[in-house]
Amino acid sequence: MPELPAPDYPEDVRIRLEADAREIIARYPDSRSALLPMLHLVQSEEGHVTRTGMRFCAEMLDLTTAEVTAVATFYTMYRRRPSGDYQVGVCTNTLCAVMGGDAIFEDLQQHLGVGNNGTTPDGKVTLEHIECNAACDFAPVVMVNWEFFDNMTPASARRLVDDLIEGRPVTPTRGAPLCTFKETARILAGFPDERPGAVEAGGSAGPASLAGLRLAKGQPLGPRVVHPRDAAGQGGEPSHGASFGDGPRTGPSPASHSSSHDAPSTTSASDPAHPAGPVAGSAGSAAEEEGE
């Protein structure tokens with residue numbers, strides 16, 4: 001049986017969304033250019049992009065529903081089914097995975113009892129693995145509604161989702177304070193974040209991100225951003241300052257900045273049985289060593 005046309009929004013919702021849509025469309029010389037923020041707008045209404053939302057976008061922009069669906073299914077930031085108030089994304093791309101992202105994602109699946117793109121029964125948290133978010137210098141990274149939580153471990157990730165579920169305040173490592181996924185979607189649609197101090201809290205790149213820029217400008221780097229993997233940096237939890245749920249955290253000093261030494265996976269530096277030595281300088285020297 002062919003699928004019936006999507007139902008329309010209730011009249012009061014339609015009137016409100018039309019006013020917002022006209023404001024979005026007015027920003028662009030060509031109305032179809034407004035499709036991406038329009039999809040965020042309808043996502044802010046129901047928490048995901050519904051068939052009704054895609055029909056609304058098509059009608060407002062004089063597009064076919066096929067054209068709207070093609071865009072909505074291409075970009076992963078548009079949810080296609082109901083999801084939680086907090087989208088918890090664990091980066092499992094190369095560097096984050098090597099540094100412990102795979103272990104974090106597996107641990108959270110077991111802790112929450114959900115699979116990829118699964119939502120907890122209370123509707124609070126949706127868990128998903130995500131691709132690179134350009135924060136490799138703080139790997140492994142977890143994002144909640146697209147806000148950064150850097151240098152995570154399985155233990156700190158479990159504490160994070162427990163705080164979200166229990167409604168305790170959670171402060172991102174950097175960026176604006178958290179809000180719900182619907183509120184985030186409205187901000188991404190281009191409407192101002194009206195929470196007091198939210199815009200000013202956006203912050204900037206961390207010291208590890210700026211090291212290359214400082215070198216390019218010929219500026220001294222100063223203290224090490226990441227200390228070597230010595231006995232002081234192995235094991236234990238990252239030194240984030242206050243833990244999740246304890247309010248704003250103070251940033252770690254450069255000497256104790258948590259980074260790769262917090263990776264839960266075994267590394268050559270932390271596994272004496274498999275040390276990583278220098279590569280032989282030539283094939284000849286390798287052969288001589290083998291002959292000995």
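If you read the sequence from its start, that first residue is 1, and numbering goes on from there.
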Are [X] and [Y] close enough that some pair of their side-chain heavy atoms sits under 4.5 Å apart?
X	Y	result
R16	E45	yes
V141	T173	no
R168	R159	no
V170	Y86	no

Which atom of [X] lies closest to which atom of [Y], heavy atoms considered:
X	Y	value
A34	I24	CB-CG2, 3.9 Å
V68	C57	CG1-CB, 4.1 Å
L41	A21	CD2-N, 3.9 Å
N93	E131	ND2-OE1, 3.0 Å
F105	T92	CB-CG2, 4.2 Å
P140	I104	CG-CD1, 3.8 Å

Within this structure, what is the [atom1]-[atom2] distance for the pair [X] and [Y], rounded to the nearest 0.5 Å?
X	Y	atom1	atom2	result
I25	L61	CD1	CG	5.0 Å
D102	H129	CG	NE2	9.5 Å
L160	T171	CG	OG1	10.5 Å
N116	L108	CG	CG	12.0 Å
S31	L63	OG	CG	6.5 Å
M152	D150	CE	CG	9.0 Å

Look only at the side chain of [X] and the backbone of [Y], and say whether a donor-acceptor pair between them is shorter than 3.5 Å.
X	Y	value
R195	A176	no
Q109	G118	no
Q43	R79	yes
D107	A155	no

Can you get from [X] to [Y] by hopping between Ile, Leu, Val, Met, Phe, Trp and Tyr side chains that sit under 4.5 Å apart?
X	Y	answer
V42	L188	no
F74	L35	yes
W146	V49	no
V71	M60	yes
L127	L178	yes

Chi angles and distances behind the side chain to side chain contact (heavy atoms under 4.5 Å, CB included) call for F148, M143:
CA-CA 5 Å; F148 286 103; M143 300 197 79; 3.8 Å; yes

Identify every side-chain donor-acceptor pair in residues 5-13 under 3.5 Å, counting partners at least two apart or on other chains, and give the distances.
from: D8; atom 1: OD1; to: R14; atom 2: NH1; distance (Å): 3.1

Could you walk me through whether V161 and K124 pass the side chain to side chain contact (heavy atoms under 4.5 Å, CB included) test, one step at a time?
CA-CA 9 Å; V161 297; K124 291 283 189 178; over 6 Å; no

OH (Y28) with more than 12 external heavy atoms under 6.0 Å
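Above 12, so yes.
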
Taking CG in D122 as the centre, count heavy atoms belonging to other residues, nucleotides or ligands within less than 6.0 Å. Is the count above 12?
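Buried by this count: over 12 neighbours within 6.0 Å.
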
Mind checking whether H48 and Y78 have ring centres under 6.0 Å apart?
no

Using the side chain to side chain contact (heavy atoms under 4.5 Å, CB included) rule, take T76 and I130 through it: C-alpha gap first, then chi angles, then the decisive distance, then the call.
CA-CA 9 Å; T76 57; I130 53 178; over 6 Å; no

Which residues pass the side-chain hydrogen bond (donor to acceptor under 3.5 Å, both in side chains) test with [X], sequence neighbours left out?
X	value
T126	T119
T69	none
T50	E46

According to salt bridge (charged side-chain N to carboxylate O under 4.0 Å, His left out), does anything in residues 177-192 pair up with another residue at least two apart or in another chain? List the pairs.
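Salt bridge (charged side-chain N to carboxylate O under 4.0 Å, His left out) check on residues 177-192 returns D20-R186.
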
Summary of salt bridge (charged side-chain N to carboxylate O under 4.0 Å, His left out) pairs that have at least one residue in residues 81-100, sequence neighbours excluded:
none

Taking it one step at a time, do L39 and Y75 satisfy side chain to side chain contact (heavy atoms under 4.5 Å, CB included)?
CA-CA 10 Å; L39 286 169; Y75 293 102; over 6 Å; no

Ion pair present between D30 and R32, side-chain N to carboxylate O less than 4.0 angstrom?
no

